**Q** 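Before anything else, here's the structure in question.
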Amino acid sequence: MFASGTLINTVAVIGGGLLGLFFKKGLKESFQDIMMKASGIAVLFIGMSGTLKYMLVIDHNAIETRGTMLLIFSLLIGALLGEIAGIEDGVERIGERLKRLVHSEKDTTFVDGFVNTSLIICIGAMAIVGAIQDGLNGDPSTLVAKAVLDAMIVMVNTSIYGKGTIFSAIPIFIYQGAITVIAALCGSFIHPELIEQLSFVGSALIFCVGINTTFGKIIKVGNMLPALLIPIGVEVIGAIL
């Protein structure tokens, strides 16, 4: 079945969210706070490991770095473009509309749950690589594994933020589904190095989400999402030249 990985992932997110709602009823506020901090630290290390996996290479028994300038320019240019476009404000407005739609106007954590969880499960390496594999080869295995991880993440986040987290199923379905379709249509033009670079920049963004989850909202990660377009632009320019 085409895009089966994304469908499985979406169902897993909803299922994890429903379980999280069940557990939320029995959690004290102090427990929710410590779980949020613990979740943020875990996300920090997930993002850090994904970033360093690409950056650090061993050459003749010496550790060297690569991709430094790509990361700098991707984050700087991406953040500038995102700030101009007001992406994070737009995502938050979507969250506010969803909140009104389900009559949860008094839920103060609804939007945070929707935005933070959407960013965590959408911009990781497994989302990009898995969706491309599903589109290129019809292989959903990476997204199936990701579905299990996402179910756990969403369950914890829902127990902390509430039902707004469950609506992260919408962007994951659209985002991964779009990548799968593009990969199916343009797969022969996607270079393996580009996939690695997208995962690399995505992991850096996940690290930023971890900072916000642990220490409070410091970085407008939504406005940094165009950073994922910079490696694609570099690849296109390189192919032309």
Side-chain angles (χ1 to χ4, degrees), residues 6 43-57 64-92 94 115-136 142-143 146 168 171-213 217-241:
T6 293
V43 173
L44 279 171
F45 277 97
I46 291 171
M48 187 189 305
S49 63
T51 305
L52 295 180
K53 180 180 178 181
Y54 179 86
M55 288 190 74
L56 300 182
V57 293
E64 299 181 357
T65 60
R66 62 172 177 170
T68 304
M69 296 309 297
L70 175 65
L71 182 62
I72 292 172
F73 283 114
S74 293
L75 294 181
L76 286 177
I77 297 173
L80 179 62
L81 293 174
E83 189 68 27
I84 293 172
I87 293 176
E88 179 134 334
D89 290 339
V91 174
E92 290 182 353
I94 292 173
V115 174
N116 289 342
T117 308
S118 296
L119 290 172
I120 292 172
I121 65 177
C122 283
I123 60 180
M126 292 181 76
I128 298 170
V129 175
I132 291 175
Q133 287 177 341
D134 202 5
L136 283 178
T142 299
L143 290 185
K146 178 178 177 292
S168 61
I172 198 69
F173 177 78
I174 296 172
Y175 176 74
Q176 285 183 180
I179 293 176
T180 298
V181 171
I182 292 171
L185 296 175
C186 311
S188 58
F189 300 100
I190 301 176
H191 196 278
E193 177 67 12
L194 175 59
I195 298 175
E196 288 187 10
Q197 290 173 348
L198 289 171
S199 300
F200 164 51
V201 176
S203 293
L205 295 179
I206 284 184
F207 180 82
C208 295
V209 175
I211 291 176
N212 285 349
T213 305
K217 190 171 181 180
I218 299 172
I219 305 169
K220 292 183 178 180
V221 183
N223 284 350
M224 299 175 73
L225 289 178
L228 292 168
L229 300 177
I230 306 305
I232 298 174
V234 172
E235 180 79 8
V236 172
I237 292 173
I240 294 174
L241 298 179

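Excluded from the calculations below are hydrogen atoms, water molecules and symmetry mates; all remaining heavy atoms, backbone and side chain alike, are included. Owing to the predicted nature of the structure, the values given are computational and were not obtained by experimental measurement.
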**Q** Do the non-hydrogen side-chain atoms of I230 and L75 ever get within less than 4.5 Å of each other?
**A**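 They are not in side-chain contact.
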**Q** Step by step, would you call I128 with Y175 a side chain to side chain contact (heavy atoms under 4.5 Å, CB included)?
**A** CA-CA 9 Å; I128 298 170; Y175 176 74; 3.7 Å; yes
**Q** I need the L56 CG to S49 OG distance, nearest 0.5 Å.
**A**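 L56 atom CG to S49 atom OG measures 11.5 Å (nearest 0.5 Å).
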**Q** If you measure from CD1 on I174 to OG1 on T6, what distance do you get to the nearest 0.5 Å?
**A**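 Reported to 0.5 Å precision, the distance equals 11.5 Å.
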**Q** So E196 and V201, side chain to side chain contact (heavy atoms under 4.5 Å, CB included) or not? Walk me through it.
**A** CA-CA 9 Å; E196 288 187 10; V201 176; over 6 Å; no
**Q** Once you round to the nearest 0.5 Å, how far does OG1 of T180 lie from CG of L185?
**A**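 Here the interatomic distance stands at 11.0 Å.
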**Q** Under 4.5 Å between any side-chain heavy atoms of M224 and L119, yes or no?
**A**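 Not in contact.
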**Q** Where do I206 and T51 land on the side chain to side chain contact (heavy atoms under 4.5 Å, CB included) test, with the steps shown first?
**A** CA-CA 9 Å; I206 284 184; T51 305; over 6 Å; no
**Q** At what distance, to the nearest 0.5 angstrom, does CG of L194 lie from CD1 of I132?
**A**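 Answer rounded to 0.5 Å: 7.0 Å.
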**Q** Among V129, T142, I179, L143, exactly one meets side chain to side chain contact (heavy atoms under 4.5 Å, CB included) together with D134. Which residue is that?
**A**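 For D134, the side chain to side chain contact (heavy atoms under 4.5 Å, CB included) check succeeds only for L143.
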**Q** Return each pair, listed once, that meets side chain to side chain donor-acceptor pair (under 3.5 Å) where at least one residue sits in residues 78-92; pairs must be two or more places apart or across chains.
**A**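 For residues 78-92, and leaving out neighbouring residues, the side chain to side chain donor-acceptor pair (under 3.5 Å) pairs sorted by first residue read E83-N223, E88-K217, E92-K217.
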**Q** With rounding to the nearest 0.5 angstrom, report the CG to OG1 distance, L44 to T213.
**A**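 One gets 8.0 Å once the value is rounded to the nearest 0.5 Å.
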**Q** How close do V57 and R66 get, heavy atom to heavy atom, and via which atoms?
**A**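 Reported closest heavy-atom pair: CG1-NE, 3.6 Å.
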**Q** Nearest heavy-atom pair of I121 and S168: which atoms, and what distance?
**A**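 Smallest interatomic distance, heavy atoms only, reads CD1-OG, 3.7 Å.
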**Q** Heavy atoms only: give me the nearest A183-G135 pair and the separation to one decimal.
**A**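 Closest approach of A183 to G135, heavy atoms only: CB-CA, 4.2 Å.
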**Q** Rounded to the nearest 0.5 Å, what's the gap from NZ on K220 to CG on L225? Could you check?
**A**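 If we round to the nearest 0.5 Å, K220:NZ and L225:CG are 13.5 Å apart.
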**Q** Which atom pair, heavy atoms only, marks the closest approach of I219 to I211?
**A**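 Result for this residue pair: CD1-CD1, 4.0 Å.
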**Q** Which heavy atom in V221 sits nearest to a heavy atom in C208, and how many Å separate them?
**A**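 Minimum heavy-atom separation between V221 and C208: CG2-CB, 3.7 Å.
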**Q** Where do T65 and T68 land on the side chain to side chain contact (heavy atoms under 4.5 Å, CB included) test, with the steps shown first?
**A** CA-CA 7 Å; T65 60; T68 304; 4.0 Å; yes
**Q** What pairs with E193 under side chain to side chain donor-acceptor pair (under 3.5 Å), at least two apart in sequence or on another chain?
**A**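 Result, side chain to side chain donor-acceptor pair (under 3.5 Å) vs E193: Y54, Q197.
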**Q** Do you know the tightest heavy-atom contact between L81 and P226?
**A**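 Result for this residue pair: CB-CB, 4.1 Å.
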